[in-house]
Colleague: 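What follows is a single structure, and I will ask about it in a moment.
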Number of protein chains: 2
Amino acid sequence: MATIEDVARASGVSKGTVSSVFSKKRPISREVTERVMAAAKSLNYKPNYWARSLASKATRIIGINIPGEKFKFSQFHLSLLNGVLGVCYDNGYRLLVNTLPLSYLNRTEHLSTDPIDGEILLDPQTDDPRIAERLTGEMPVVVIGRPAPEFENRVAYVDNDNVGMTVETTRYLLGLGHRSFLFLNAPAHRTVADDRARGFLAAASAAGIPEASRRIVYKPDADSSSLDFGYETTLRALREEPDISAVIADTDTMALGAYKAAESLGIRIPDALSVLAFSDDSVFSPEFAPPLTGVRLHAERLGREAALLLLERMREDDKTVKRTIVPTDMVIRSSCAAPTLPYGGIHS
Amino acid sequence: MATIEDVARASGVSKGTVSSVFSKKRPISREVTERVMAAAKSLNYKPNYWARSLASKATRIIGINIPGEKFKFSQFHLSLLNGVLGVCYDNGYRLLVNTLPLSYLNRTEHLSTDPIDGEILLDPQTDDPRIAERLTGEMPVVVIGRPAPEFENRVAYVDNDNVGMTVETTRYLLGLGHRSFLFLNAPAHRTVADDRARGFLAAASAAGIPEASRRIVYKPDADSSSLDFGYETTLRALREEPDISAVIADTDTMALGAYKAAESLGIRIPDALSVLAFSDDSVFSPEFAPPLTGVRLHAERLGREAALLLLERMREDDKTVKRTIVPTDMVIRSSCAAPTLPYGGIHS
DNA sequence: AGTATCTATTAAACCGGTTTAACGAACGGT
DNA sequence: ACCGTTCGTTAAACCGGTTTAATAGATACT
């Protein structure tokens, strides 16, 4: 492919002039501009992205990173992505999925800076080396979700009010009369699982629910199916402790697992078991039988706000640490009801 | 950030030696390697990605491109992405979402080569300038979906057998006794819509179905909601032509729209209306009421095969044009049945 | 001992752009 | 006619790596 040199030679001007014609960072006469453009067109010339990035120290690419090996994007990530992409699109940025195996990154021959101007980190964990690493470099970063406590005031992030949201939903269930819960939580090492557990436990213990009746089970890890986890955990829990009258699920897919477990035990929802999910805004939740009550997290907006925060941070060289909390909305449908049996009663 | 020069100076060797220590493309003595690595560590040095790309003419990034302005990734795209990402992950490639507004790309100051080694093009259209453009450059490309006829033998692609699959499903419905159809198709300019329309029409006219009874409606365009499109189109069609006893939907979301239309007209599925979808492998289709009959397209596998094909093409400099057809599986659940009314009968 | 071979290292050229500093020409003001 | 600007252009330095060609030193071969 033709280089800037070729174009310069063909149109009888210097490299610098051709550069200015394309970058438009300096005025060039109408006549010369036309001559250069004509030469460029006939040579099929386009400026080389890498050379340009090297010289101008900017790539107009932002990265998005997910921890963990061999991950897959979930429904929730999809909405996040769409939010981020919308902002990228509006601002002329490309989006790089910047996750590689550690076994790859750790090899000397692959060690390098990242090919991006800034990065969004997803799914922060309680012990998450990514943030510290990005901060020692000068890479602008925005986290989606609450980072570990030692970084909460050192890195920008976007999150829902997970604690508050969980308190609210737990109170809702308490208000309906529930006294024994199963909480299907996110994987244990993720900060979001922590926040939700805290909210749940706070609300439950404030209402005098004994420890045995607020059972929390953490999803083993990313690669296991949410559906299966929801199904099997609910099945086991209901067998071991028939008192349980309400299941709080991390996602709508997990909730679906709970539905299936209830069905296979012959337990009706919401009559004998209430189910609720911190769901994404899936088009399907209203179609569950019965329609699923849950909380809208506005994943797309989380993504959008994160991208906006990142671009702002990249633009100004202002190291102010900003935070955005995206509100959640509880959507009451028909999967929760007052428990039919009084506290202490037994199913079947 | 420290450069290779700094490291060379600090460890008392030349730039070239430092380069070789990191790239491992040439042997360096144990002793020198250690000295260089020590200096690099103390300076917190990492090779610069863009300088490296410029010199070595490779980025280890592959792109994925979707046509159209302000698109959003769908469920189907999510599965594709996961398939592509799995291959990227295994092979040490990053994935760049390489879609930008035309209004951005067309401006002189943004014109440039793409920062990638190869690209996957999604959702090919009947008149799609992307392929021709990539071919004139030397960018390796794989298309997911059938490209326009003039490129079918010039570019590698991965696809389902959309024609065959549609013939099969149409025959299935014909076999149940249906004689009047509504086909909710993908947007008209996409080649997949073409293929499916062809398969449907071929099967229907071979069975002697008159033209008026094989109605095809194309989704207006990407930004409209599939759910709404399915709902409104089905509603209108059933009102205009109560004969219709089967709806074939492009996606499960569209099918859900058809379900809702049926519900609001008081029509029961599958008794009075059969619905079928070329669905993705959504976990939710089995949960529809009634469970949705459809076709598995194996989106994740489409993504995987495309990525593998692309890497192969990038590795060897072999311009052989390869094609991969991923098989589809029809999954019969309970949303289709023999129509209750004889051909020519009228609802309500 | 003399030559051929192999190894590790280096200086310099190169990848393809951007940017700085210098400069001549045209312009405006007095 | 002279000076101070402004404008458009250029040569050269620079961004931070890789690669080539040359070289010195060690090893092997006869």
Colleague: Under a 3.5 Å distance rule, please check whether A:Asp90 uses its side chain to pair with a backbone N or O of A:Val87 as donor and acceptor.
Modeller: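 No; zero donor-acceptor contacts below 3.5 Å.
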
Colleague: Give each protein N/O atom lying under 3.5 Å from an N/O atom of nucleotides 8-14 of chain C, with the pair distance.
Modeller:
| from | atom 1 | to | atom 2 | distance (Å) |
| --- | --- | --- | --- | --- |
| C:dT9 | OP1 | B:Ser29 | OG | 2.8 |
| C:dT9 | OP2 | B:Ser29 | N | 2.9 |
| C:dT10 | OP2 | B:Ser14 | N | 3.1 |
| C:dT10 | OP2 | B:Ser14 | OG | 3.3 |
| C:dT10 | OP2 | B:Thr17 | OG1 | 2.3 |

Colleague: Can you check whether A:Tyr93's main-chain N or O pairs, donor with acceptor, with A:Asn91's side chain at less than 3.5 Å?
Modeller: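 Side chain of A:Asn91 to backbone of A:Tyr93, a donor-acceptor pair under 3.5 Å: no, none is there.
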
Colleague: Take atom CG of A:Leu111 and atom P of D:dG17, then tell me their distance rounded to the nearest Å.
Modeller: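 It works out to 11 Å between those atoms.
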
Colleague: What is the distance, to the nearest angstrom, from the CD atom on A:Glu5 to the P atom on C:dT18?
Modeller: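 Going from A:Glu5 (CD) to C:dT18 (P), I get 13 Å.
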
Colleague: Please work out which residues in residues 43-53 of chain B have a non-hydrogen atom less than 4.0 Å from an atom of DNA chain C and list them by number.
Modeller: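 Heavy-atom cutoff 4.0 Å gives no residues at all.
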
Colleague: Any salt bridge between A:Glu133 and B:Lys46, counting N to O under 4.0 Å?
Modeller: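 A salt bridge is present here (some side-chain N lies under 4.0 Å from a carboxylate O).
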
Colleague: Do side-chain atoms of B:Asp117 reach the backbone of B:Arg60 as a donor and acceptor pair under 3.5 angstrom?
Modeller: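 Yes; at least one donor-acceptor contact below 3.5 Å.
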
Colleague: What is the distance from CZ of A:Arg9 to P of C:dG16, rounded to the nearest Å?
Modeller: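 Rounded to the whole Å, the gap is 12 Å.
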
Colleague: Give the rounded distance in Å between these two atoms: CD of A:Glu109 and P of D:dT18.
Modeller: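 Atom-to-atom, A:Glu109 to D:dT18, this comes out as 12 Å.
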
Colleague: On the nucleotide C:dT18, are OP1 or OP2 found under 4.0 Å from the side-chain N or O atoms that A:Ser19 carries?
Modeller: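 Answer yes for this pair, as a side-chain N or O of A:Ser19 is under 4.0 Å from OP1 or OP2.
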
Colleague: Within the structure, does a side-chain N or O atom of A:Lys25 lie under 4.0 Å from either OP1 or OP2 of C:dT19?
Modeller: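 For C:dT19, OP1 or OP2 has a side-chain N or O of A:Lys25 closer than 4.0 Å.
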
Colleague: Would you find a donor on one side and an acceptor on the other, under 3.5 Å apart, between the side chain of A:Thr99 and the backbone of A:Asn65?
Modeller: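 No, because the side chain of A:Thr99 does not come within donor-acceptor range (under 3.5 Å) of the backbone of A:Asn65.
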
Colleague: Please confirm whether the backbone N or O of A:Phe73 pairs with a side-chain atom of B:Asn82, one donor and one acceptor, at under 3.5 Å?
Modeller: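 Here the side-chain-to-backbone pair exists.
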
Colleague: Spell out, as yes or no, whether a donor-acceptor pair under 3.5 Å connects the side chain of A:Tyr89 to the backbone of B:Lys70.
Modeller: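 Yes, the answer is positive, given that a donor and an acceptor are paired below the 3.5 Å cut-off.
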
Colleague: In whole Å, what is the span from the NZ atom of B:Lys57 to the C1' atom of D:dG17?
Modeller: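 It works out to 13 Å between those atoms.
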
Colleague: Mind checking whether B:Lys72 and A:Leu85 have side chains closer than 4.5 Å, heavy atoms only?
Modeller: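 No; the side chains remain at least 4.5 Å from each other.
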
Colleague: Is a side-chain donor or acceptor of B:Ser20 paired with a backbone partner of B:Arg26 at a separation under 3.5 angstrom?
Modeller: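 Not confirmed, B:Ser20 side chain does not pair with B:Arg26 backbone.
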
Colleague: Just the rounded figure in Å: distance from C1' of C:dT19 to CG of A:Leu54.
Modeller: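 Spelled out: CG on A:Leu54 to C1' on C:dT19 is 13 Å.
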
Colleague: Using whole Å, report how far CZ of A:Arg35 lies from C1' of D:dG8.
Modeller: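 My rounded result for the distance is 12 Å.
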
Colleague: Separation of A:Glu34 atom CD from D:dG8 atom P, in whole Å?
Modeller: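 For the pair A:Glu34 CD and D:dG8 P, the rounded distance is 14 Å.
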
